[in-house]
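Below is one structure, written out as structure tokens; the observations come after it.
Letters go in sequence order (proteins before strands), and every chain restarts at 1.
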There are 2 protein chains.
Amino acid sequence: MATSTAGGSQLLDRAALLLDLIADGNSEGATLKELVERSGLNTATCHRILNTLVGHRLLARDDKRRRYRLGAKMFIYGARAARGPGLISRCEMSLSRLRKKTGETTHLMARHNHDSLCLDRRDGECVVQTLTGSIGGSVPLGAGPGSIAMLAFLEREEQEFILRANEARFASFRDLTTDKVSRLIEETRGRGYAVDIGELIPGIAGVAMPIHDEVGVPVASLGFTFLCAKIVPDFVDNYAALLRAEIDLIESRN
Amino acid sequence: MATSTAGGSQLLDRAALLLDLIADGNSEGATLKELVERSGLNTATCHRILNTLVGHRLLARDDKRRRYRLGAKMFIYGARAARGPGLISRCEMSLSRLRKKTGETTHLMARHNHDSLCLDRRDGECVVQTLTGSIGGSVPLGAGPGSIAMLAFLEREEQEFILRANEARFASFRDLTTDKVSRLIEETRGRGYAVDIGELIPGIAGVAMPIHDEVGVPVASLGFTFLCAKIVPDFVDNYAALLRAEIDLIESRN
DNA sequence: TCTATCAATTCCACATAGTGACAAAACATT
DNA sequence: AATGTTTTGTCACTATGTGGAATTGATAGA
């Protein structure tokens with residue numbers, strides 16, 4: 001998970017760790033006890049840090065003060081960050097253009113630890129079921145083309161680590177196994193983009209391509225979700241070409 | 001600004017303060033020097049904290065490492081928080097319903113320090129110019145109905161403080177002065193919701209109503225933006241009734 | 001190209017701020 | 001009433017974070 005900032009400051013590192021643990025919690029909200037266990041911190045220390053974060057509204061307490069979750073400040077910072085010159089605003093136009101050109105549902109996914117998370121999307125003309133649902137939804141890295149597109153271009157070592165970590169979670173997806181994901185990774189590497197045709201959700205297909213940061217690490221992906229029924233020869237290639245063009249544009253602004 | 005958590009932890013308090021200062025920076029990005037001045041921290045200390053936050057990707061450095069802005073984690077936390085049982089997801093349905101019933105642009109605004117910020121919105125059938133633009137945009141508290149709706153129901157003392165703080169910034173809005181805002185506040189208090197008919201942007205009107213938290217403090221507002229030309233008798237009242245109904249629903253879930 | 005200036009970064013000795021063990025009160029859940 | 005969990009406190013210790021000063025790095029002007 002590489003939560004070690006080395007020359008950082010202990011308290012801040014711990015606070016950041018707790019924020020991450022809480023953000024990771026699949027179901028929303030983590031209890032003190034869980035956080036103590038997962039972070040390895042002393043109960044008193046953990047509680048003190050959480051309290052301070054709640055005080056600053058970076059976290060919020062719920063259910064009659066028994067569970068911690070991300071706080072109101074996070075909405076605000078998130079919204080603010082989205083406006084700044086970050087990923088989301090750099091991809092905004094691309095999403096809209098892709099949506100307009102094709103009429104399909106388009107999305108921007110980003111990586112967060114072992115998950116792939118929907119940062120932004122444009123809904124298509126016909127409503128299709130997507131893995132992540134709307135903004136904020138997440139799936140284990142490895143499930144779905146948007147997710148594979150990122151995973152495929154990570155370092156081998158990291159890939160394997162993530163595959164092992166997510167192994168159990170793949171079970172809840174149709175026919176998904178570590179082996180299958182490995183195969184998809186190879187295909188995606190060869191092809192340059194990820195494709196899924198009705199494998200995860202019957203009748204639903206997806207194409208996605210990774211976005212790399214300045215140093216070449218894949219940090220996000222741009223993709224389409226559409227109905228398998230629409231596919232005709234060259235259909236997928238054409239969509240991939242559209243993605244390629246937008247991503248070239250996005251990456252050129254790095 | 002009440003950034004004192006009293007029994008908090010110094011380092012965390014400072015880090016939270018810096019995050020806020022950076023998020024507040026109207027133009028994106030703040031330099032170390034600015035942050036040192038505005039926070040009153042020692043340069044070295046400030047630098048160390050910022051570095052650690054950058055290490056955790058809560059902040060990001062730009063322009064060849066010369067400016068700090070909100071980092072990638074903020075997108076992620078923001079997106080995650082939006083999904084949880086917070087304001088955004090509690091209002092999601094309401095926004096969509098309001099948009100559907102009226103065909104107008106609807107938005108959810110929240111308060112952040114002295115600003116009012118667009119957390120979510122649904123675009124209407126005809127594109128209208130709005131004060132805040134899309135998600136993440138902000139205006140000084142006092143400008144625009146979505147903003148007045150919140151300001152009007154704050155404590156008097158706080159209102160006055162904010163008015164004084166924002167005085168200079170009102171100048172960049174059409175005909176806006178502290179006096180005028182005060183007048184609008186009174187009207188809004190009496191009426192229960194805020195209305196602007198072509199005053200800030202010629203030809204554009206807005207209605208907005210505050211959302212209160214568990215203890216009755218206004219934390220957000222729900223509103224419409226539409227063309228003045230559409231207005232007929234009872235038009236605004238009808239829209240206000242729609243807002244009222246949705247907000248009752250939202251607040252009942254507190 | 002060289003120099004002056006201001007900003008950003010690194011260093012380091014010191015004291016404060018945060019730690020964790022323990023205990024006990026306040027809540028929840030059964 | 002009994003159990004388990006969360007919250008609040010106290011306290012001695014020292015690792016942690018602090019800030020002054022020095023170093024390095026950028027920018028602009030000559």
### Task
May I ask you to evaluate whether A:Y68 reaches the phosphate of D:dT7, defined as a side-chain N or O under 4.0 Å from OP1 or OP2?
yes
### Message
Regarding A:N51 and A:R61, do their side chains bring together a donor and an acceptor under 3.5 Å, going by distance alone?
### Response
yes
### Message
So if I take every side-chain heavy atom of B:R61 and compare against D:dG19, C:dT9, D:dT8, which nucleotide ends up nearest?
### Response
C:dT9
#### Entry: Partners passing side chain to side chain contact (heavy atoms under 4.5 Å, CB included) against A:L200 (at least two apart in sequence or in another chain)
A:L131, A:F173, A:L176, A:D196
### Task
For DNA chain C, determine which residues of residues 37-46 of chain A have any heavy atom closer than 4.0 angstrom to one of its atoms, and list them numerically.
A:N42, A:T45
### Query
Given the rule in the side chain to side chain donor-acceptor pair (under 3.5 Å) test, do B:R97 and B:T106 qualify, once you have shown the distances and angles that lead to the verdict?
CA-CA 10 Å; B:R97 265 194 302 265; B:T106 57; over 6 Å; no
### Set of salt bridge (charged side-chain N to carboxylate O under 4.0 Å, His left out) partners for B:E167, sequence neighbours left out
none
### Query
Is A:D115 paired with A:R169 through a side-chain N to carboxylate O contact shorter than 4.0 Å?
yes
### Message
Please tell me if B:T31 has a side-chain N or O lying less than 4.0 Å from either OP1 or OP2 of C:dA7.
### Response
no
### Query
Considering residues at least two apart in sequence or located in another chain, which fulfil the side chain to side chain donor-acceptor pair (under 3.5 Å) criterion with A:R244?
A:D248
### Query
Phosphate oxygens OP1/OP2 of D:dT18: is one of them under 4.0 Å from a side-chain N or O of B:R48?
yes
### Query
Taking only N and O in the side chain of B:Q10, is any of them less than 4.0 Å away from OP1 or OP2 of D:dT18?
yes
### Message
I'd like to know if the side chain of A:R121 pairs up with that of A:T132 as donor and acceptor (distance under 3.5 Å, no hydrogens or angles considered).
### Response
no
### Task
Could you say whether B:I49 or A:K33 is positioned toward the 5' end of DNA chain D, judged by the nucleotide with the nearest heavy atom to each?
A:K33
### Message
The side chain of A:R66 is closest to which nucleotide in this list: C:dA17, D:dT5, D:dT8?
### Response
D:dT5
### Query
B:L32 has a side chain; which of C:dA8, D:dT8, D:dT6 sits nearest to it?
C:dA8
### Query
About how many Å separate CG of A:D24 and NE2 of A:H112, when rounded to the nearest 0.5 Å?
4.0 Å
### Task
Under the side chain to side chain contact (heavy atoms under 4.5 Å, CB included) rule, collect the residues that match up with A:E34, sequence neighbours excluded.
A:A30, A:T31, A:R67
### Query
Of A:R14 and A:H47, whose closest DNA chain D nucleotide lies nearer the 5' terminus?
A:H47
### Message
Could you work out how much the helix from C:dT1-D:dA30 to C:dA24-D:dT7 bends, comparing the axis of its first five pairs with that of its last five, to 10°?
### Response
60°
